[in-house]
Amino acid sequence: MFTLKPPAVSAPLPIFKTYQNPNPAAFSLPAAKTSRLKSSLPLATPPTAAAADAQTPGQTRVDILSESLPFIQRFRGKTIVVKYGGAAMKSRSLQTSVINDLVLLACVGLRPVFVHGGGPEINSWLTRLGIQPQFLDGLRVTDAATMEIVEMVLVGKVNKTLVSLINKAGATAVGLSGKDGRLLTARPAGNSAGLGFVGDVARVDATILKPLISAGHIPVIASVAADEDGQAFNINADTVAGELAAALGAEKLILLTDVPGILEDKEDASSLVKEINIKGVKKMVEEGKVAGGMIPKVNCCVRSLAQGVRTASIIDGRVPHSLLLEIMTDEGAGTMITG
């Protein structure tokens, strides 16, 4: 049975809880194993085993829709910013799953904003054009020639492919980059020495997005922007998603990743931290439990929460329908960080 995550709790949350052997592929867990906050709203009484066996597929589908009602009510009309990348971008089946989830959420009244990068596609085109991809401390070295390819691939190919897929699935998508309508103003990243045109977000002007979102369109945003002089910069898509979520006053920020979420033990995938607050996640960073590529994702979430985003989640994009699991179930599909 589904249970509802309420918007607030009266008692302070614990720093974190860990759960062994999470099962994100299932839509519900027994009450003793669920990790997210509960609601007092009544839900449908679950059928007995005999009644469940006697149900037709149609009846089962209707039951699932009925139990989704509290979640739809909770998020209806709210802005959800989703950063898309990783395995979910490389796998055709996972890509279809994410796109269908996004369209379904839009159809039931949520207001999704879709932010994407496209590292593997960039590497592919650089190689085709005889340019060897280079990285420094995990970041792409982006000289003038590489920046030109990055912009062409992200804005001209990946962005428009995603727009077409969303339109085909039944919603109406609008493709943008940070340059459009001065949505994002870039500046050189603080650690950009030797990296070239790798940027950070200096300013967000969401004016162009608000009427699109209000009209029920899904903005699809490539993580490329220009500085005050018009120079293009390649910006980390997680950073772009976090800053947009803050500027839009989003209810939720969701980062799709290639890992289960934040792990209490980096070597043990079953030690998933299902829910944690800012104090707890900062402590895990200090203790070295959060390291490597997870640090910028965590920092992005913490920064967005500090600017008013209600919750931020780092979820496993390798799990089919992970977006629906995160929003429409109590258990979620990764780690939820709260303020």
Side-chain angles (χ1 to χ4, degrees), residues 4-16 36-37 39 71-84 102 105-106 109-115 176 178 181-187 200-214 218-219 221 223 225 235-257 261-262 273-285 290 294-315 323 326-327 332 334-339:
L4 171 65
K5 292 179 280 189
V9 291
S10 57
L13 293 171
I15 290 181
F16 64 78
R36 306 297 178 99
L37 302 177
S39 168
F71 297 94
I72 295 171
Q73 291 173 324
R74 165 74 173 82
F75 288 103
R76 183 174 176 80
K78 302 295 179 61
T79 299
I80 308 292
V81 178
V82 178
K83 182 267 178 174
Y84 175 59
L102 193 76
L105 293 173
L110 280 72
R111 297 179 171 183
V113 175
F114 208 42
V115 178
L176 301 166
R182 297 179 179 174
L183 175 58
L184 303 173
T185 300
R187 64 167 179 251
D200 205 345
V201 177
R203 187 169 62 253
V204 179
D205 182 352
T207 303
I208 193 174
L209 289 184
K210 291 177 180 178
L212 293 174
I213 296 170
S214 296
I218 300 177
I221 302 165
S223 56
I235 305 178
N236 179 275
D238 293 328
T239 300
V240 170
E243 294 301 313
L244 284 173
L248 291 167
E251 178 74 11
K252 193 170 186 66
L253 167 66
I254 299 176
L255 307 182
L256 289 166
T257 68
I262 298 175
V273 178
K274 296 289 288 183
E275 185 173 335
I276 189 170
N277 58 25
I278 290 177
K279 180 179 178 181
V281 80
K282 286 183 175 180
K283 182 178 179 181
M284 289 187 73
V285 172
V290 174
M294 188 59 75
I295 291 179
K297 294 182 185 298
V298 165
N299 289 340
C300 162
C301 291
V302 169
R303 180 174 169 81
S304 68
L305 291 168
Q307 296 180 81
V309 176
R310 293 292 297 274
T311 64
S313 294
I314 300 173
I315 71 173
L323 272 180
E326 178 59 29
I327 293 175
T335 301
M336 183 171 75
I337 305 174
T338 60

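The model shown is predicted, which means the values in this text are computed figures rather than measured ones.
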Check whether T335 reaches the backbone of V273 with its side chain - one donor and one acceptor, N or O, closer than 3.5 Å. yes
State, yes or no, whether a side-chain contact exists between L110 and I327 at a heavy-atom distance under 4.5 Å. yes
Minimum heavy-atom distance L183-A206, with the two atoms named: CD1-CA, 4.1 Å
Sub-4.5 Å side-chain heavy-atom contact between M284 and V298: no
Do L248 and I213 touch side chain to side chain, with heavy atoms closer than 4.5 Å? yes
Holding to side chain to side chain contact (heavy atoms under 4.5 Å, CB included), I want the full list of residues that pass it with D200, two or more places apart in sequence or in another chain. R187, T239
Would you check if C301 and I314 make a side-chain contact, meaning some heavy-atom pair closer than 4.5 Å? yes
Salt bridge check: are E251 and R74 linked by an N-O gap of less than 4.0 Å? yes
Exercise: identify the closest heavy-atom pair between G242 and S304: O-CB, 3.7 Å
Look up atom NZ in K297 and atom CG in L256, then write down how far apart they are to the nearest 0.5 Å. 9.0 Å
If every non-hydrogen atom of A186 is compared with every non-hydrogen atom of I235, which pair is closest and at what distance? CB-CD1, 4.0 Å
Closest approach of K83 to A241 (non-hydrogen atoms, all atoms of both residues): CB-CB, 3.8 Å
Give the minimum heavy-atom separation between D238 and C300, together with the two atoms involved. O-SG, 2.9 Å
Residues in salt bridge (Lys or Arg N to Asp or Glu O under 4.0 Å) with R76, at least two apart? none
Check the surroundings of atom NZ in K282: do more than 12 heavy atoms from other residues, nucleotides or ligands lie under 6.0 Å from it? no
As an exercise, state the distance from CD1 of I208 to CG of L176, rounded to the nearest 0.5 Å. 5.5 Å
CE-CG distance between M294 and L255, expressed to the nearest 0.5 angstrom: 9.0 Å
Minimum heavy-atom separation for G280 to N277, with atom names? N-OD1, 2.8 Å
Carboxylate-amine/guanidinium proximity below 4.0 Å for R182 and D205: no
Any side-chain heavy-atom pair of L184 and L244 under 4.5 Å: yes
Side chain proximity check, V113 to I80, heavy atoms < 4.5 angstrom: no
Just to verify, what does T311 make a side-chain hydrogen bond (donor to acceptor under 3.5 Å, both in side chains) with, not counting sequence neighbours? K252
What's the spacing between L305 CG and T338 OG1 if we round to 0.5 Å? 7.5 Å
